Amino acid sequence: MMSSAFRNAHLTASRLINPKPFSSSSILHFLPLCSGDASPRRSNPLRHRNSVSPSSSFPFCSISSFCIPMAGGDGQGSHSLEKQFDSFRVQLEESAALREQIRAVVMEIESATRLIQANLLLVHQSRPIPEVIEKSKEKINDLKKFYGRLAEILRECPGQYYRYHGDWRSETQAVVSQLAFMHWLETGTLLVHTEAEEKLGLNSLEFGLETEDYLTGICFMSNDLPRYVVNRVTAGDYDCPRKVMNFLTDLHAAFRMLNLRNDFLRKKFDSMKYDLRRVEEVYYDVKIRGLISGGDIPGVQVTQGQS
């Protein structure tokens with residue numbers, strides 16, 4: 001009886017110390033983790049039986065519902081896409097072929113312009129002006145023929161003038177510069193827009209001389225005048241600074257009437273101001289030294305031909 005009472009007291013004390021003792025099943029559950037056996041564990045049938053597959057837990061969301069459909073299912077849409085890009089390919093090939101033709105003509109224009117410029121540089125070496133101009137004029141007919149070929153090429157693609165205009169823009173500006181310089185050497189006046197078009201054969205509505213190209217070419221021409229003035233004064237022509245100064249003053253005042261944007265033409269117009277300043281410095285220096293002839297009348301307009 002004492003042993004039974006002692007056993008009951010022992011069990012009561014154990015429950016007070018550990019109210020949730022490990023059961024035999026829980027101890028057996030941790031035995032494989034603590035054992036040194038390296039053999040793989042057997043699969044638990046209860047675990048497989050209690051595992052839930054995605055299809056059984058989510059009957060409306062099977063694995064096949066997450067698959068992305070392959071492209072090309074719509075035959076009509078694929079055909080229209082292929083047809084569109086095939087037309088793009090044809091257009092790009094035709095445009096590239098047309099640009100090749102334009103570039104070939106532009107290279108000839110550039111070559112003729114270089115020859116004209118090389119001849120005009122002789123005026124800085126005190127060569128006779130009529131001789132220099134006559135030799136340079138020989139290339140003007142070639143330029144007119146080249147621009148005629150450009151016009152023929154553009155007739156094949158009506159309405160596309162401004163699409164290809166940039167391919168010969170810089171060359172045209174250089175041509176206008178040389179023509180304007182030659183005209184000034186002959187007459188002492190400005191080559192107007194219609195005269196430049198006539199010289200190049202660009203007086204048609206489909207192919208003409210753009211106003212911005214003409215104005216930019218005139219600005220380029222003014223860059224050559226300060227060097228010309230210095231060389232002419234060195235050669236003894238002391239009246240040349242006055243003529244050039246009056247011409248650039250009128251030209252600069254005419255440009256100021258235009259509302260130019262902040263672009264390349266505006267930058268070239270700003271450079272004209274410095275060209276005029278350089279010519280004025282030469283003119284004042286010559287005047288202070290008393291080298292100007294007695295017929296010098298301040299403010300006279302340049303309307304006569306240069307001697």
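In this text the structure is predicted, and so the values were computed from the model without any measurement.
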Do other residues, nucleotides or ligands put more than 12 heavy atoms under 6.0 Å from the [atom1] atom of [X]?
| X | atom1 | value |
| --- | --- | --- |
| Glu198 | CD | no |
| Glu212 | CD | no |
| Glu82 | CD | no |
| Tyr274 | OH | no |
| Lys268 | NZ | yes |

Parallel, tilted or perpendicular: which fits the ring planes of His124 and Phe181, with parallel below 30° and perpendicular above 60°? parallel
Could you tell me how the ring of Phe255 sits relative to the ring of Phe269: parallel (under 30°), tilted (30 to 60°) or perpendicular (over 60°)? parallel
Of the non-hydrogen atoms in [X] and [Y], which two are nearest, and what is the gap between them?
| X | Y | answer |
| --- | --- | --- |
| Ser177 | Met221 | OG-N, 3.3 Å |
| Ser136 | Met182 | CB-SD, 3.3 Å |
| Lys199 | Ile140 | O-CG2, 3.9 Å |
| Leu276 | Met245 | CD1-O, 3.9 Å |
| Phe247 | Gly188 | CD1-O, 4.1 Å |
| His193 | Leu209 | NE2-O, 2.8 Å |

Centre-to-centre under 6.0 Å for Trp168 and Phe146, is that the case here? no
Got a second to check how far Tyr147's OH is from Asp142's CG, nearest 0.5 Å? 13.0 Å
Under 3.5 Å, is there a donor on one side chain and an acceptor on the other for Asp275 and His252? no
Looking at Leu98, Val90, Leu92, which one forms a side-chain contact (heavy atoms from CB on, under 4.5 Å) with Glu94? Val90
Salt bridge check, [Y] against [X]: does any charged N sit closer than 4.0 Å to a carboxylate O?
| X | Y | result |
| --- | --- | --- |
| Arg89 | Glu93 | yes |
| Asp263 | Lys267 | no |
| Asp239 | Arg242 | yes |

Residues in side chain to side chain contact (heavy atoms under 4.5 Å, CB included) with Tyr284, at least two apart? Glu280
Hey, could you give me each pair passing side chain to side chain donor-acceptor pair (under 3.5 Å) that has a residue in residues 97-110? Not counting sequence neighbours. Arg99-Asp167, Glu108-Arg149
